[in-house]
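Report on one structure; see the data block that follows.
Read the numbers this way: they start at 1 and go in the same order the structure lists the ligands and their atoms.
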Amino acid sequence: MSDKFFWFITTLALLAGCQSLSPKQPNQDTSAKPTDAQWWKEALVYQVYPRSFQDSNGDGVGDLKGIISRLDYLSSLGVDMIWLNPVYASPNKDNGYDISDYQSIMKEFSNMEDFDALLKGLHDRKIKVFMDLVVNHCSNEHEWFKSAAASRESPYYNYFHWWPAEKGKPPYRWSIFDEKGDAWEYNKATNSYYLHYFSDFQPDLNWENLILRQEIYKMMRFWLDKGIDGFRLDAIAFCSKDTTWPPLPEEYKGNWPMYYASGPHLHDYMQEMNREVFSKYNIATVAEAMGDVDRVMKFVDPERKELNMAYYFEAIDFGYLPNEYKMPDPKGYDLVQWKKVYAKWTDAFAQKGWGTMYLANHDQPRMLTRWGNDSPEFRDVSSKMLTTFILSMRGTPYYYFGDEIGMSNIKFDRVEEYNDIELLTNYAQVKAKGGDLKRFLEGMKISSRDNGRTPMQWDATANGGFTTGTPWLKVNPEYATVNVALQEKDPNSVLNYFRKMVQVRKKDPVLIYGDWQLVDAENPAIFAYTRTLDTQKRLILLNFKATSAEVNTTLDLSNAQVLIGNYTDAKPGKSLRPYEAMILELK
Ligand code: GLC
Ligand code: CA
């Protein structure tokens, strides 16, 4: 075997400054990469929400020049790939997830020249780029829709789904972002209703139309030919519809998204897309998938030739009360059950395909508040624990901007402070039903997605250094003490721990390709698992609680070595302090 099959640990030069934390070097020259190794399995993805990363011109909105000004920061993190939320032209009613022109850049973010400069800047630093592609729907301001909505004779009429009014009322379809919950909207000029699974300004594209699909594939090639490295396919599971429009099947009652994710030609389209586009490039693709293991697996089973990766919702949606919109269970979440969810999915991807790991993104609150502890006492240590978790699981990690400094939920008190269409729609629905608005807003302090969209906290100057103007969404006042500048100076900061953990993962094939096995499954406080590759074994111990806890295992820790730990004086052992995390090399 040539040495390209081996990874050797090198000195972690980057971390030279952090003596108290400096990781031990695992001995791993016996662990080979598996034959199905792929760059995107080894990559660490960092998500940049462009609107909230850095404003360059004082209009309060983050932009491409802003990201360009932070390229060295991105490079200093050691991440391999950036996922950019949509930067295409958009009226921004769903912050870019309503695209009015797929081949130009949103005015607020600047222009194609800056996009090209950003792409080059990232590539020069060996960082790849994922574009977020929203093709289940577009904006009602897209030229296709404007033309279609003007006349049934328009060549674009069949780019959308219509129900002619002469046939009476359309069969009920539920909508995600519609106050009335109705996915059909009447359009006078054509005397017909158009379909919108999301808001009425996000008309669904008609994938049953081959001409539309070809148009989308052409647009994908445009971006790939520019040199981008992959796509995140937004809401893609919804793209195929049964256009005989049968009544919604009873079995999906209360769970319409699952029905929407079962369209008759969904996987034919994924395979066609792969044949016509993806197979011609060395790229990565990830689906925002829906549903159970069987459904999600279909996207990523390599034999089916569809996509590379998918993320699933079962773990991230855990701990909410049933039948309510993201209302956190006041009892908190049951760690034992949560571990079982991870075990189920991780085991499934061990058989086939490849998984993803994330605790936050632009549709989620801050991971620290939701899964850790944002009190002054525990915020740092629990942030580091969660980082250790994300980066030691099996599956490509997707890490959300700001989590590397331990940003927390802003917890708005008033509905007027929110911007997000999802929250505003749900608020209006609770209000219309005469529901308890106070209770709703309390719950949203934990779960609403605007918590994860507040601007990046760069330093202690006004607005955290994000903008010199008025930010589009309030900056979390914690910026005075939680910011990049302060953490750069502290070798034990959350930020420097993230950098170190990135290196630990990158240099250790056991953490990337190793088998995963849950340890002490019934432990109510500790999430523990092993990763094993050939003769190499790691034990990961994570205390998810604010009290000390003991792991119950027969594994012999007497010769174990700490590769990384979130307490500076970490020692191998079975008892863990509050939120303690460590990765042990077992011998
Ligand atoms: C996806 C996006 C979300 C958006 C929705 C509609 O779920 O992640 O932000 O609102 O699709 O496009
Ligand atoms: Ca700006």
Side-chain angles (χ1 to χ4, degrees), residues 47 49-70 83-88 90-100 102 105-111 114 118 130-140 142 175-178 183 196-205 231-239 257 260-261 286-291 310-313 316-317 325-326 356 358 360-365 398 400 418-426 448-453 455-456 463 465-473:
Q47 182 184 354
Y49 194 66
R51 231 183 147 68
S52 295
F53 201 62
Q54 177 70 66
D55 176 22
S56 71
N57 61 353
D59 67 355
V61 177
D63 46 50
L64 299 187
K65 281 204 170 70
I67 306 175
I68 292 173
S69 74
R70 296 293 183 180
W83 155 17
L84 278 182
N85 289 91
V87 295
Y88 319 89
S90 165
N92 262 311
K93 291 184 185 153
D94 185 17
N95 292 354
Y97 287 89
D98 46 329
I99 299 173
S100 53
Y102 287 96
I105 298 293
M106 188 190 301
K107 286 205 182 64
E108 281 172 302
F109 289 173
S110 78
N111 53 38
D114 282 339
L118 173 60
F130 251 129
M131 295 284 278
D132 204 326
L133 199 69
V134 192
V135 285
N136 171 68
H137 48 270
C138 63
S139 161
N140 62 344
H142 194 294
S175 162
I176 301 170
F177 292 166
D178 185 77
H196 61 89
Y197 278 177
F198 291 89
S199 180
D200 58 2
F201 52 77
Q202 291 165 302
D204 281 46
L205 289 162
F231 287 115
R232 177 248 185 204
L233 293 146
D234 177 79
I236 196 69
F238 294 165
C239 74
Y260 289 174
V286 61
E288 187 186 29
M290 281 273 159
Y311 53 87
Y312 61 91
F313 287 82
I316 205 86
D317 285 343
Y325 166 72
K326 291 187 179 172
T356 58
Y358 69 104
N361 60 40
H362 66 293
D363 291 334
Q364 301 296 332
Y398 286 69
Y400 191 50
Y418 284 100
N419 162 279
D420 173 25
I421 165 112
E422 183 185 74
L423 178 127
L424 298 175
T425 308
N426 283 279
S448 125
R449 48 185 202 170
D450 270 350
N451 285 303
R453 297 179 177 183
M456 183 65 170
N463 290 315
F466 164 70
T467 181
T468 53
T470 308
W472 72 278
L473 189 67

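Between the Asp98 side chain and the Lys93 main chain, a donor and an acceptor come within less than 3.5 Å of each other. Under a 3.5 Å cut-off, the side chain of Asp204 and the backbone N or O of Tyr197 do form a donor-acceptor pair. At distances below 3.5 Å, not a single donor-acceptor pair connects side-chain atoms of Glu108 with backbone N or O atoms of Gly62. A donor-acceptor pair under 3.5 Å is absent between the side-chain atoms of Ser52 and the main chain of Met456, judged by distance alone.
Atoms of ligand 1 lying under 4.0 Å from at least one heavy atom of Phe177, given by number and element, are 10 (O). Heavy-atom contacts of Phe198 reach the following atoms of ligand 1: 5 (C), 6 (C) (cutoff under 4.0 Å). Distances below 4.0 Å separate heavy atoms of His137 from the following atoms of ligand 1: 6 (C), 12 (O). Within ligand 1, the atoms closer than 4.0 Å to a non-hydrogen atom of Arg449 are 3 (C), 4 (C), 9 (O), 10 (O), numbered from 1 in the order shown.
When the Ca ion (ligand 2) is compared with the N/O/S atoms of Asp59, atom OD1 turns out nearest. The minimum distance between the Ca ion (ligand 2) and any N, O or S atom of Asp55 involves atom OD1. The Ca ion (ligand 2) sits nearest to atom OD2 when only the N, O or S atoms of Asp63 are considered.
Using a non-hydrogen distance threshold of 4.0 Å, Arg232 registers as a contact of ligand 1.
Look at Lys65 and the Ca ion (ligand 2): no N/O/S atom of the residue is under 3.0 Å from the metal. Among the atoms of Asn57, an N, O or S atom falls under 3.0 Å of the Ca ion (ligand 2).
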Criterion side chain to side chain donor-acceptor pair (under 3.5 Å) on Tyr97 and Asn85, from CA distance to verdict
CA-CA 9 Å; Tyr97 287 89; Asn85 289 91; 2.7 Å; yes

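Ring geometry for Tyr311 versus Tyr398: interplanar angle of 30 to 60°, hence tilted. Taking the six-membered ring for Trp and thresholds of 30 and 60 degrees, Phe198 and Phe177 have ring planes more than 60 degrees apart, a perpendicular arrangement. Ring geometry for Trp472 versus Tyr49: interplanar angle of 30 to 60°, hence tilted.
When hydrogens are left out, the protein atom nearest atom 7 (O) of ligand 1 is Glu288 OE2, 2.8 Å; that is the closest non-hydrogen contact. When hydrogens are left out, the protein atom nearest atom 4 (C) of ligand 1 is Asp94 OD2, 3.4 Å; that is the closest non-hydrogen contact. Shortest contact from atom 8 (O) of ligand 1 to any protein heavy atom: Asp363 OD2, 2.4 Å. When only non-hydrogen protein atoms are considered, atom 1 (C) of ligand 1 lies nearest to Asp234 OD1, 2.6 Å.
For Asp63 and Ser56, the side-chain atoms include at least one donor-acceptor pair closer than 3.5 Å.
Neither the backbone nor the side chain of Glu422 comes within contact range of ligand 1; no heavy atom lies under 4.0 Å.
By the 4.0 Å N-to-carboxylate-O rule, Arg449 lies close enough to Asp94 to be salt-bridged with it.
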